[in-house]
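In what follows, residues are counted from 1 in the order of the sequence shown.
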Amino acid sequence: MSDPIVPEALESAGNSNLIPLFGSFPPPALPILSRTVYDSYFFRLKERVKRQNEAWRNGDPPMVRLLLAGALAGVTTKTAVAPLERMKILFQIQGMESVSSKPPFRNIGHAAATIFREEGILSFWKGNFPNCLRVVPVYALKFGFNDTFKSLVRSPGQKKLSFTQLICSGTMAGLFQACITYPLELIRTRLTLGPAYGAKYTGIIDCVVQTARQEGIFAFYKGLTPTIYSGAPYVGLQMSGYEIYSRRFGPKIEEQFGGGKTGKTMAKLVCGAVSGITAQTITYPGDTIRRRMQTDGMNGRTQIYRGMIDCYRQIVTKQGHISLFRGWGTNTLRAIPGAGIQFLAYDTYKSILIPQKK
């Protein structure tokens, strides 16, 4: 039988007489062996992390980290603009027969004062927790899919994508994200608007149970069609718009704010806000139709829309085309900080989680 291999660490410790050395318990050599094994493992782990970071710098970042950065950006953004988001949705459903008994809000100031007087300051964040639970997968998938599709459409050696490539990547990301997460969007809307319909939900699970019991399982996909027609293009316009605005106006904005970290931050905020406003203005009628279909038949009320086309026809016939843009002003005020914070937060979290290319 061959002699066992003795680590160099044992030789340096002096091992002329191995039998006395291992004769006691615990063996004096055990700490040396443990340290040798630990050092070897730690060195290999350090080298593996180094090689992985280098691979990420030179190639595509891991999807899980892109998803995490997007999720964190979503929670940050939605919490910051939750009061304006709730007022926007309340404006959008004004005029529906099922909620017409309540006096309409005259403007943003009147809406804010009424909500504060009747429900208190915390009511501005009503539905924000389920909204944050919703945006974790929504933003994670939106940003993660967008970066993934950008990698798929990029030609070998191509540094900057064309507008067509950018909008295709963003639209596909929006389509995949919307189809996967839509039930969460409907639940969030109903929790936010529950008081307007007399619905009393004790939480997310109660809302799910009541909706399924009163309207059936397909109720969770009410409004999916206008979401596909407006939501997916919205993501495409928003993502591609941010990229285009950043290329064209980013350096000038950075220069206006003195360059450096402050200049880059302001450029991201401005370009993100402008791209958000542009995308939301173009797709806003579809968002109004989606909100109304999401709340149609809520809390056991009679359903008044037979589908997307019927919803559009009734809105225009009874209230005019301008009603499709009801709440647009509040939405714009929300989009100015919201879209800017969204892209700034995503870029910030991504730079923390993923080593940047040198």
Side-chain angles (χ1 to χ4, degrees), residues 70-94 96 98-99 111 115 119 122-143 174 176-215 217-228 230-232 234-235 238 276 280 283-284 286-299 301 327 330-331 334-335 338-339 341-342:
L72 292 172
V75 172
T76 302
T77 303
K78 292 302 180 183
T79 301
V81 300
L84 291 171
E85 174 74 15
R86 183 167 189 240
M87 285 190 285
K88 181 205 80 168
I89 299 175
L90 288 170
F91 275 113
Q92 285 181 312
I93 65 167
Q94 278 191 172
M96 287 182 67
S98 53
V99 291
I115 294 170
E119 303 178 52
L122 293 180
S123 65
F124 287 102
W125 280 269
K126 187 171 289 182
N128 185 57
F129 177 68
N131 195 28
C132 286
L133 293 181
R134 178 189 71 90
V135 300
V136 167
V138 166
Y139 275 60
L141 292 172
K142 180 172 76 171
F143 282 105
F176 275 66
Q177 167 257 302
C179 291
I180 294 171
T181 63
Y182 190 77
L184 296 173
E185 167 69 18
L186 182 132
I187 294 301
R188 189 276 299 213
T189 299
R190 295 198 167 197
L191 284 169
T192 301
L193 300 178
Y197 287 82
K200 296 181 179 180
Y201 300 122
T202 58
I204 298 174
I205 295 176
D206 182 51
C207 182
V208 171
V209 171
Q210 287 196 42
T211 300
R213 183 187 301 128
Q214 294 170 359
E215 303 169 63
I217 195 68
F218 290 106
F220 293 104
Y221 289 92
K222 279 184 177 178
L224 178 60
T225 302
T227 298
I228 291 174
S230 63
Y234 162 72
V235 175
Q238 184 188 39
Q280 289 176 12
T283 62
Y284 196 80
D287 187 58
T288 298
I289 293 172
R290 174 181 63 150
R291 296 296 181 193
R292 294 205 175 194
M293 291 186 69
Q294 285 178 336
T295 53
D296 189 24
M298 181 176 168
N299 198 32
R301 295 171 183 257
T330 307
N331 188 60
R334 178 189 69 86
I341 293 170
Q342 175 184 156

Close side-chain approach of Phe176 and Leu141, heavy atoms under 4.5 Å: no
Value rounded to 0.5 Å, distance of CG in Leu184 from CZ in Phe220: 10.0 Å
Tyr284 side chain vs Asn331 backbone, donor-acceptor pair below 3.5 Å: no
Carboxylate-amine/guanidinium contact Arg291 Asp296, below 4.0 Å: no
Minimum-distance pair of heavy atoms, taken over all atoms of Val235 and Gln177: CG2-OE1, 4.1 Å
Phe91 side, atom CZ; Thr330 side, atom OG1 - distance, nearest 0.5 Å: 4.5 Å
All salt bridge (Lys or Arg N to Asp or Glu O under 4.0 Å) counterparts of Lys78, not counting sequence neighbours: none
Close side-chain approach of Met293 to Tyr221, heavy-atom, < 4.5 Å: no
Point-to-point distance, once rounded to the nearest 0.5 Å, from CE of Met298 to OG1 of Thr189: 9.0 Å
Distance-minimising heavy-atom pair for Gly286 and Pro226: O-CB, 4.0 Å
Inter-residue atom distance Gln92.CD - Ile289.CD1, 0.5 Å rounding: 10.5 Å
Tyr234/Gln280 under side-chain hydrogen bond (donor to acceptor under 3.5 Å, both in side chains): CA gap, chis, key distance, verdict: CA-CA 7 Å; Tyr234 162 72; Gln280 289 176 12; 3.1 Å; yes
Nearest-0.5 Å distance that lies between atom CG in Leu133 and atom CD1 in Ile187: 12.0 Å
Nearest atoms (heavy-atom pairs only) where Thr227 meets Ala178: CG2-CB, 3.9 Å
side-chain contact (heavy atoms from CB on, under 4.5 Å) assessment of Lys88 paired with Asp287: CA-CA 11 Å; Lys88 181 205 80 168; Asp287 187 58; 3.2 Å; yes
Approximate separation, where rounding is to 0.5 Å, of Leu186 CG and Thr181 OG1: 11.5 Å
Side-chain (Thr211) to main-chain (Val208) donor-acceptor, under 3.5 angstrom: no
Check: Trp125 side chain, Thr79 main-chain N or O, donor-acceptor pair, under 3.5 Å: yes
side-chain contact (heavy atoms from CB on, under 4.5 Å) between Arg290 and Lys222, intermediate numbers included: CA-CA 8 Å; Arg290 174 181 63 150; Lys222 279 184 177 178; over 6 Å; no
Phe124 atom CZ, over 12 foreign heavy atoms within 6.0 Å: yes
Any side-chain heavy-atom pair of Arg188 and Gln294 under 4.5 Å: no
Pair Glu185 + Arg190: basic N to acidic O under 4.0 Å: no
Donor-acceptor contact below 3.5 Å, side chain Arg86 vs main chain Ser123: yes
